[in-house]
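Residue numbers run from 1 in the order of the sequence given. What you see below is based on every heavy atom in this structure, not just the backbone, and it leaves out hydrogens, waters and symmetry mates.
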Amino acid sequence: MNETLILGQQDVKELLPMEGCIQVVREALGALAGGQGIQPLRPVMWLPERVGALGMMPGYLSSIDTIGIKTVTVFAGNAGTEYDSHQGTVMLFDSANGRLKAIIDATEITTIRTAAASAVATDVLSRTDSSVLAILGSGVQAGSHIDAIPHVRPVGEVRIWSRNPENATALADRKRHLEGRDIRVVASVEEAVAGADIVCTTTASREPILLGSMLESGMHINAVGSSVPFARELDSEAMARCRLFVDRAESTRNESGDFLMARDEGSVTDDDIVAEIGDLVAGSTSGRAGPEDITLFKSLGLAVEDLAAADLVYRNAVEAGRGQAIEIGGLRHE
């Protein structure tokens with residue numbers, strides 16, 4: 001038997017619950033920190049004028065006996081159209097014989113697992129009584145983070161800021177069904193951030209929107225929107241004021257505009273990367289040194305997170321009898 005299971009965007013929505021995704025992403029980051037995974041840097045092919053890119057994200061996790069790759073296109077110009085800015089597939093291969101087990105929509109996996117990684121970071125870095133959540137941005141990741149963070153902290157108030165107030169209002173309206181939370185739109189970044197316990201930056205901005213002068217002691221920040229060297233959401237002062245934690249140090253030193261631009265300006269050095277989130281999950285180091293610390297998780301997204309999430313989707317699909325099985329090839333014929 002050499003069938004490959006095909007799973008679409010709706011399958012992923014129904015088979016990847018946020019709580020379960022948070023758990024498998026936590027386990028994947030801990031496994032990577034423990035040497036049980038392989039996580040190369042991702043090659044990216046840019047189209048002329050940087051209108052779009054194709055990213056290739058390979059990885060391996062021994063804990064699920066799976067090697068795989070996410071291929072994803074990134075087109076920031078899709079904002080306001082019917083298309084998501086991130087589209088692609090995750091392919092899962094059996095690490096014993098190389099068999100292609102599954103081809104799974106990457107759009108929804110990216111949406112859910114990115115927020116799940118922020119939830120893991122929030123759980124190990126933010127104050128346990130954090131209840132005020134500021135969301136900067138109003139796109140897919142903004143909505144996903146509103147769903148994810150309350151799984152790890154008692155969020156009672158959510159403030160949404162966006163350069164497009166109509167989009168922010170639409171997002172707030174979609175999320176008002178969430179019981180026990182006061183969700184409202186605010187007019188400025190300053191208003192969103194003032195007194196917030198957790199701040200999530202989820203924009204496509206190439207210039208800083210969160211400034212060091214806005215930060216307050218005790219905050220935790222998840223910086224999610226920028227994953228390329230030429231864009232950043234935080235200015236150099238903000239980077240310098242925070243205890244910096246990352247998903248992968250090597251990736252941060254090569255891909256993160258937030259970090260690289262601040263380093264170029266002399267505000268931070270490589271030594272300012274305190275640890276990887278996986279190190280905190282594994283218990284090999286500590287995060288917040290005290291309640292006054294301002295902690296920052298710079299998220300770039302790792303293939304091992306995608307593989308862990310896709311593996312959960314695959315297992316749930318097999319159990320539920322979901323997806324379409326096809327024969328692609330791979331059997332040896334004499």
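Although no hydrogens or angles enter the test, the distance criterion places a donor-acceptor pair under 3.5 Å between the side chain of Ser284 and the main chain of Asp279. Between the Thr111 side chain and the Thr107 main chain, a donor and an acceptor come within less than 3.5 Å of each other. One N or O on the side chain of Arg288 and one on the backbone of Leu125 form a donor-acceptor pair closer than 3.5 Å. Using modelled atom types, one side-chain atom of Glu233 and one backbone atom of Thr203 make a donor-acceptor pair closer than 3.5 Å. A distance-only check finds a donor-acceptor pair linking the side chain of Ser226 to the backbone of Ala231 [under 3.5 Å]. At distances below 3.5 Å, at least one donor-acceptor pair connects side-chain atoms of Ser188 with backbone N or O atoms of Glu191. For the pair Asn316 (side chain) and Leu15 (backbone), a donor-acceptor distance under 3.5 Å is present. Judged by distance alone, with hydrogens and angles left aside, the side-chain atoms of Arg322 form no donor-acceptor pair with the main-chain N or O of Leu7 at under 3.5 Å. No donor-acceptor pair closer than 3.5 Å links the side chain of Ser144 to the backbone N or O of Val140. Ser299 places no side-chain N or O within donor-acceptor distance of the main-chain N or O of Val224, the cut-off being under 3.5 Å.
Between Leu41 and Ser251 the shortest side-chain heavy-atom distance falls below 4.5 Å. Taking the side chain as every heavy atom from C-beta outward, Arg181 and Pro150 approach each other to under 4.5 Å.
Between the CG atom in Leu312 and the CG atom in Leu307 there is a gap of 12.5 Å [rounded to 0.5 Å]. Atom CD in Gln39 sits 8.5 Å away from atom CG in Asp247 (nearest 0.5 Å). Atom OG1 of Thr4 and atom CZ of Phe93 lie 8.5 Å apart (nearest 0.5 Å). In this structure, CD on Gln9 lies 8.5 Å from CD on Gln87, to the nearest 0.5 angstrom. To the nearest 0.5 Å, the span separating CZ on Arg159 from CD1 on Ile183 amounts to 13.5 Å. The CZ atom of Arg253 sits 5.5 Å away from the CG atom of Asp270 when rounded to the nearest 0.5 Å.
Sorted by first then second residue, the salt bridge (Lys or Arg N to Asp or Glu O under 4.0 Å) pairs that include residues 195-221, not counting sequence neighbours, are Arg127-Asp197. Applying the salt bridge (Lys or Arg N to Asp or Glu O under 4.0 Å) test to residues at least two apart or on different chains, the pairs with a partner in residues 104-122 are Arg113-Glu305, Arg113-Asp306. Residue pairs meeting the salt bridge (Lys or Arg N to Asp or Glu O under 4.0 Å) criterion with at least one member in residues 218-231: none, sequence neighbours excluded.
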Next item on the list: Would you please test Lys298 and Asp258 for salt bridge (Lys or Arg N to Asp or Glu O under 4.0 Å) and show each step?
Entry: CA-CA 8 Å; Lys298 178 54 219 167; Asp258 291 286; 3.1 Å; yes
Next item on the list: Start with the C-alpha distance between Met91 and Leu100, add both sets of side-chain angles, then the distance that settles side-chain contact (heavy atoms from CB on, under 4.5 Å), and finish with yes or no.
Entry: CA-CA 7 Å; Met91 293 187 288; Leu100 178 59; 3.9 Å; yes
Next item on the list: Could you walk me through whether Thr202 and Gln141 pass side-chain hydrogen bond (donor to acceptor under 3.5 Å, both in side chains), step by step?
Entry: CA-CA 6 Å; Thr202 66; Gln141 279 304 325; over 6 Å; no
Margin query: Could you walk me through whether Ile160 and Ile146 satisfy the side-chain contact (heavy atoms from CB on, under 4.5 Å) test, starting with their C-alpha distance in whole Å, then the side-chain angles of each, then the deciding distance to 0.1 Å, before giving a yes or no?
Written below: CA-CA 10 Å; Ile160 304 171; Ile146 292 173; 3.8 Å; yes
Next item on the list: For Asp147 and Lys175, run salt bridge (Lys or Arg N to Asp or Glu O under 4.0 Å): C-alpha distance rounded to whole Å, both residues' side-chain angles, the deciding distance at 0.1 Å, then the answer.
Entry: CA-CA 9 Å; Asp147 295 336; Lys175 298 300 180 181; 2.9 Å; yes
Note to self: Could you go through Thr201 and Asn222, starting from their C-alpha distance and side-chain angles, then the distance that decides it, and tell me whether this counts as side-chain contact (heavy atoms from CB on, under 4.5 Å)?
What the structure shows: CA-CA 6 Å; Thr201 64; Asn222 297 307; over 6 Å; no
Margin query: As a quick check of understanding, evaluate side-chain hydrogen bond (donor to acceptor under 3.5 Å, both in side chains) for Glu19 and Gln23, giving each step before the final call.
Written below: CA-CA 7 Å; Glu19 186 172 8; Gln23 182 59 35; over 6 Å; no
Next item on the list: Output, in order, the C-alpha distance, side-chain angles, deciding distance and verdict of side-chain contact (heavy atoms from CB on, under 4.5 Å) for Leu302 and Leu32.
Entry: CA-CA 10 Å; Leu302 301 179; Leu32 183 63; 4.0 Å; yes
Notebook entry, point to check: Going through the distances and angles, do Asp129 and Arg153 end up as a salt bridge (Lys or Arg N to Asp or Glu O under 4.0 Å)?
Noted result: CA-CA 7 Å; Asp129 62 349; Arg153 287 297 180 266; over 6 Å; no
Margin query: Using salt bridge (Lys or Arg N to Asp or Glu O under 4.0 Å), reason through Arg263 and Glu265 one step at a time and then give a plain yes or no.
Written below: CA-CA 5 Å; Arg263 188 180 67 180; Glu265 293 172 4; over 6 Å; no
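Phe75 and Val51 make their closest contact through CD2-O, 3.5 Å (heavy atoms, listed as atom of the first residue, atom of the second, distance). Contact between Cys21 and Ala116 at its shortest, heavy atoms only, is SG-CB, 3.8 Å. Residue Ala142 comes nearest to Ile135 through the heavy atom pair CB-CG2, 3.5 Å, listed as atom of the first residue, atom of the second, then distance. Taking both residues in full, the closest heavy atoms of Ala31 and Leu61 are given as CB-CD2, 4.2 Å, listed atom of the first, atom of the second, then distance. Closest non-hydrogen pair, Ala121 versus Ile277, comes out as CB-CD1, 3.8 Å. When all heavy atoms are compared, the tightest approach of Ala76 to Ser85 is CA-CB, 4.5 Å.
Scored by the side chain to side chain contact (heavy atoms under 4.5 Å, CB included) test, Glu237 finds Asp235, Arg241 as partners (sequence neighbours excluded).
When hydrophobic clusters are built by joining Ile, Leu, Val, Met, Phe, Trp and Tyr residues whose side-chain heavy atoms come closer than 4.5 Å, directly or via intermediates, Phe297 is grouped together with Met18. Under a hydrophobic-cluster definition in which Ile, Leu, Val, Met, Phe, Trp and Tyr are linked whenever side-chain heavy atoms come within less than 4.5 Å, directly or via other members, Met56 and Val228 are assigned to different clusters. Under a hydrophobic clustering in which Ile, Leu, Val, Met, Phe, Trp and Tyr are joined whenever their side-chain heavy atoms come within less than 4.5 Å, directly or via other members, Ile67 and Ile38 fall into the same cluster. When hydrophobic clusters are built by joining Ile, Leu, Val, Met, Phe, Trp and Tyr residues whose side-chain heavy atoms come closer than 4.5 Å, directly or via intermediates, Val90 is not grouped with Val72. Linking ILVMFWY side-chain heavy atoms closer than 4.5 Å, directly or via other members, places Val313 and Met57 in two distinct hydrophobic clusters.
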Atom pairs and distances, donor-acceptor, side-chain atoms in residues 163-171, under 3.5 Å, two or more places apart:
| from | atom 1 | to | atom 2 | distance (Å) |
| --- | --- | --- | --- | --- |
| Asn164 | OD1 | Glu166 | N | 3.1 |
| Asn164 | OD1 | Asn167 | N | 3.1 |
| Thr169 | OG1 | Pro165 | O | 3.0 |

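Judged by distance alone, the side chains of His86 and Thr110 never bring a donor and an acceptor atom under 3.5 Å apart. With 3.5 Å as the limit, one finds no donor-acceptor pair spanning the side chains of Ser95 and Thr66.
Hydrophobic side-chain contacts under 4.5 Å tie Val189 into a cluster, directly or through other members, with Leu136, Trp161, Val186, Val193, Val199, Ile209, Leu210, Leu211, Met214, Leu215, Met219, Ile221, Leu234, Met239, Leu244, Val246, Phe259, Leu260, Val268, Ile273, Ile294, Leu296.
A salt bridge does not link Arg243 with Asp272: every distance from a Lys NZ or Arg NE/NH1/NH2 to an Asp or Glu carboxylate oxygen is 4.0 Å or more. We find that Arg42 and Glu255 are joined by a salt bridge, their nearest charged nitrogen and carboxylate oxygen being less than 4.0 Å apart.
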